[in-house]
Structure formats: C-alpha cells, structure tokens
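Written out below as structure tokens is the structure these notes cover.
Computation of the quantities below employed the complete heavy-atom set of this structure, encompassing side-chain atoms and omitting hydrogens, waters and symmetry-equivalent molecules.
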Amino acid sequence: MNGKIVVVGSINLDLVARVERMPKEGETLAGLGFATYAGGKGGNQAVGAARLGADVTMLGCLGDDVFGVSLRKDLEVSGVSTGAVKNVSGPSGSAIILVTPDGHNSIVINPGANAALMPHDLDDATEALKGARMLLTQLEVPMDTVERLATIAGDLAIPLMLDPAPAAKMAESLLRNVTWLTPNESELRAILEHMGHPVRKTLLSEDDLTKAAKVLLDTGLRNVAIKLGGRGVYLAGADVESSLIPAHRVAVKDTTAAGDAFNAGFACALVEGKPAKEAAGFACAVAAVAVTRLGAQASMPTLHEVEVLMQSGTTTAS
Ligand code: ATP
Ligand code: RIB
C-alpha cells in the first residue's frame, strides 16, 4: 500500500461486556465476559489503514490519564504516527459497549479529550495535511473541526472521506467538500430525516438506496458509500456507477468497528488508484475479517489476512 493517509478523529478506550441480549430499561443483567480494547472511530480507521500497510498519521487528543498512555502506544505499535496527537488535561475518550452473541452492539461514547480537538489544531498540522493523499474523519470530534478539515481538503484538493458517525446534522457547505460520505443504514436514516426526507421503511431496497443517494448527492456531495452490514455496501456518485457490492459470508463474532475497517480498507484501495467498485470489494473483505474477531483496533486485519479471505473465501484463525 502506498500514499499517505491522515486521520483526524477520536481515540477511545472501549469497555466491552458480552451479553446474552440487550438489557431492558431498569434491568440488571449478568454479563458473559468483559474486556477493554483500544477504540474510537479515528483510532480504529488509522490502525486499520496502517495494518494494511499505509503510511498513516493521526491527529487527535488523549487525556492525561493512564489510558492516554496506553492508547497512544497501541496506535504506535500498529505503525500509526502519533506526533500530532496532543495530550490535554482530563480523561481520555471512552466507550461503553455491549455485544450480543450474534455480534451486534450498542455503544455509548464519552468524548473526554476528543472534545478538545479544535480547528486551530489543524492549522498547526498543515504540513502533515498537505502531504496526504487522502483525509479520513468521523463525527466523534467537534463539528467545527470537521468543518475546518473539509475546507482545508477543498482548498488543497485532497480527497476527504467522512464517516458521519455518530449521526449529526451536517451543513451542505461541509458535504460539498466531501469526496466519500460513508453512513451506515441508521446514520443514513438520521441524515435524511435532518434533511427533511425521512425514510420509514424497515428494509431499504436498492431503489430506496438510489433515491436516498440522490438526496445526498444533490447537496453537492461527490460520492456516497452506504454501509449495509451483512448486505454489503451501496455506492453512488460522480466517480462510480451505482452498485451494490455484497458482503462476504463469515462467522460473525463482533461487528464493532466493522464500519471503521471498511473505511480503512476503502481509503487504502482508493489511494492505491483502484476503481471505486474494486476498492469497495476490498474494503468489504477487510471488514469481513474484522467482524470475525472481538474488539475494535484489535480486530483490524493485515493485508495478508485480507488476501487469504479474498482468495479462499475463509479467514485465517484469529
Ligand atoms: P460499526 O458502527 O459497528 O463500526 P457500521 O454500522 O458503521 O459498523 P456496517 O454496515 O455494520 O457498518 O458494516 C460495515 C461493513 O462491514 C459492511 O459494509 C460489510 O462489508 C461488513 N460487515 C458488517 N457486518 C457484516 C456481516 N455480518 N458479515 C459480513 N460482513 C459484514
Ligand atoms: O466504530 C466503533 C467505535 O465506536 C468503537 O471503537 C467506540 O470507541 C466508538 O467510537
């Protein structure tokens, strides 16, 4: 993998409990197991891309707690450059995650230090941003910072991939500077609702996806990749013929960070010059390996592991 990727985003400590089912309001459930993992959408995407062999620089904020030390080390061990990751006073970001036996999850994030990543931090990192072949971000850092990044991406003509997670209202001026918007299905529904085009159907058909993509693309957004879990991903926009790329069939353990694995793989393949459909096929394979494993950053595969899945249809032992 060649080409530099810069990720501007969150870094969290994930506190993960496996549960038989999601608890009801007011209910106490006994968990099936507990573990902590390095996470955060920004950190996950950075580690995902680095494990695939990309040259990755991360911009973000950690707290001055003990987690800040271990989270930085986890990024570095995977090959992510952390010179532009600041430490601020207070706690690092964290996430409380429940995972059911079918691999589905519920997540509560506590922004902590992630809330301290300011637009001026991007101005301080102009050299790193200028050298990027692609910029990746998400919505776990302040919206002002994401908007500033989009403006920089537009000014420097560097492709920007925005994962609109967790879903939030986004200005059209922001979307106009986005090359790839990558919502999952619930984020897509939330965005359309914010835009005054609510979708009430439970299962989105390809026709529904085409219409939804059109609403987004009409804002001036360049392309959209709608992540559909076990169904795969729907692509539409200026750089791709509209298409549904199927997911791989794998034994799912934990879908946490599946979307991050997809974005990491998609970005790496696009930076390599692969056409969007081929890049999305590669990204689905990256995400498929990730869902066979527990944890966020811990689940991100190497290029070799992805190639094994693509060639044989099965994953190597994890
Ligand atoms: P998360 O928020 O859990 O990180 P997401 O909701 O953003 O993930 P999903 O649509 O669930 O994103 O998954 C992203 C990609 O991961 C899908 O497009 C698909 O390629 C792959 N994927 C997810 N779930 C499965 C599954 N059950 N089997 C195979 N691949 C999957
Ligand atoms: O996308 C998965 C991530 O969402 C987790 O690692 C958690 O930290 C939250 O940011």
- Kindly determine whether N105 and T256 satisfy side-chain hydrogen bond (donor to acceptor under 3.5 Å, both in side chains), including the steps that lead there. CA-CA 7 Å; N105 60 51; T256 307; 3.2 Å; yes

- Query: For L136 and V6, what are the C-alpha separation, side-chain angles and deciding distance, and is it a side chain to side chain contact (heavy atoms under 4.5 Å, CB included)?
  - Reply: CA-CA 6 Å; L136 269 59; V6 176; over 6 Å; no

- Under the salt bridge (charged side-chain N to carboxylate O under 4.0 Å, His left out) rule, what do E127 and K130 come out as? Steps first, then yes or no, please. CA-CA 5 Å; E127 282 315 305; K130 267 188 190 159; 3.8 Å; yes

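Side-chain atoms of R222 and N177 include no donor-acceptor pair closer than 3.5 Å. For T82 and E76, the side-chain atoms include at least one donor-acceptor pair closer than 3.5 Å. Of the N and O atoms on the side chains of T182 and D163, at least one donor lies less than 3.5 Å from an acceptor on the other residue. For the 3.5 Å distance criterion, the side chains of R51 and T302 fail to qualify, holding no donor opposite an acceptor. Donor-acceptor pairing under 3.5 Å is recorded for the side chains of N223 and D239. At a cut-off of 3.5 Å, with distance as the only test, no side-chain donor of D207 or S205 sits close to an acceptor on the other residue. For the residue pair K41 / N12, no side-chain donor-acceptor distance below 3.5 Å is found, with atom types taken as modelled. Using modelled atom types and a 3.5 Å distance limit, the side chains of Q45 and D260 yield a donor-acceptor pair.
The distance from the SG atom of C284 to the NZ atom of K227 is 10.5 Å, given to the nearest 0.5 Å. K86 NZ to D124 CG: the interatomic distance, rounded to the nearest 0.5 Å, is 8.0 Å. Note that CG of L135 and CG of L59 are 9.5 Å apart. Values are rounded to the nearest 0.5 Å. Of the inter-residue distances, the one linking R21 atom CZ with L32 atom CG reads 11.0 Å to the nearest 0.5 angstrom. With values rounded to the nearest 0.5 angstrom, L216 atom CG is found 6.0 Å from L221 atom CG.
Hydrophobic cluster of V16: the remaining members, joined at side-chain heavy-atom separations below 4.5 Å, are Y37, I97, V99, I107, I109, L294, listed by chain and number.
Under a 4.0 Å N-O distance rule, the pair E272/R133 does not qualify as a salt bridge. D144 and R148 are not joined by a salt bridge, as no carboxylate oxygen comes within less than 4.0 angstrom of a charged side-chain nitrogen. A salt bridge does not link R18 with D254: every distance from a Lys NZ or Arg NE/NH1/NH2 to an Asp or Glu carboxylate oxygen is 4.0 Å or more.
Residues V85 and I5 fall within the same hydrophobic cluster, defined by Ile, Leu, Val, Met, Phe, Trp and Tyr side chains chained together at heavy-atom separations under 4.5 Å. Both M143 and I191 are part of a single hydrophobic cluster, where members link through side-chain heavy atoms under 4.5 Å apart. Follow the hydrophobic side-chain contacts under 4.5 Å out from L15 and you reach L62 in the same cluster.
Within 6.0 Å of CD on E27 lie more than 12 heavy atoms contributed by other residues, nucleotides or ligands. Atom CZ of R249 sits in a sparse spot, with 12 or fewer heavy atoms from other residues, nucleotides or ligands closer than 6.0 Å.
Residues passing the side-chain contact (heavy atoms from CB on, under 4.5 Å) test with E193 are P198, sequence neighbours excluded.
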